[in-house]
Amino acid sequence: MEILAAYDLTGSYHKAAELVGCDHHTVRRYVALRRAGAYTTAVWASILGNVLVAEYFIVQRMLAPLARRQQRRDAPLVSTPV
């Protein structure tokens, strides 16, 4: 929704992309979807679902090294016999 609002504000793909922080091709695609009448809940739910899945994997990839470092820090320095 921010992409479309930025486009409505500026009237330019490039300027809207700069405001939102995405590629101007993405702005053009979203504007084209809106003009084609694909601005329905089902379509946008599908787009947002894909974005959320992608963000989940990006966050997991970023947090994995931190988790490994924390596990090494929590590991005992000397193993004790049981």
Colleague: Please name all residues satisfying side chain to side chain donor-acceptor pair (under 3.5 Å) with Arg29, sequence neighbours left out, ordered by chain then number.
Modeller: none
Colleague: Please confirm whether the backbone N or O of Ala6 pairs with a side-chain atom of Thr10, one donor and one acceptor, at under 3.5 Å?
Modeller: yes
Colleague: With salt bridge (Lys or Arg N to Asp or Glu O under 4.0 Å) as the rule and sequence neighbours excluded, what pairs involving residues 3-14 come up?
Modeller: Asp8-Arg34
Colleague: Give the table of side-chain donor-acceptor pairs shorter than 3.5 Å for residues 52-65, with sequence neighbours excluded, one pair per line with atom names and distance.
Modeller:
none

Colleague: List for me each residue that meets salt bridge (charged side-chain N to carboxylate O under 4.0 Å, His left out) alongside Asp23, sequence neighbours excluded, and say none if there are none.
Modeller: none
Colleague: Any non-hydrogen side-chain atom of Val27 less than 4.5 Å from a side-chain atom of Val20?
Modeller: no
Colleague: Drop me the distance from Ile3's CD1 to Leu33's CG, to the nearest 0.5 angstrom.
Modeller: 10.5 Å
Colleague: Could you give the side-chain donor-acceptor pairs of residues 12-19 under 3.5 Å, partners two or more places apart or in another chain?
Modeller:
| residue | atom | partner | partner atom | Å |
| --- | --- | --- | --- | --- |
| Ser12 | OG | His14 | N | 3.4 |
| Ser12 | OG | Lys15 | N | 3.3 |

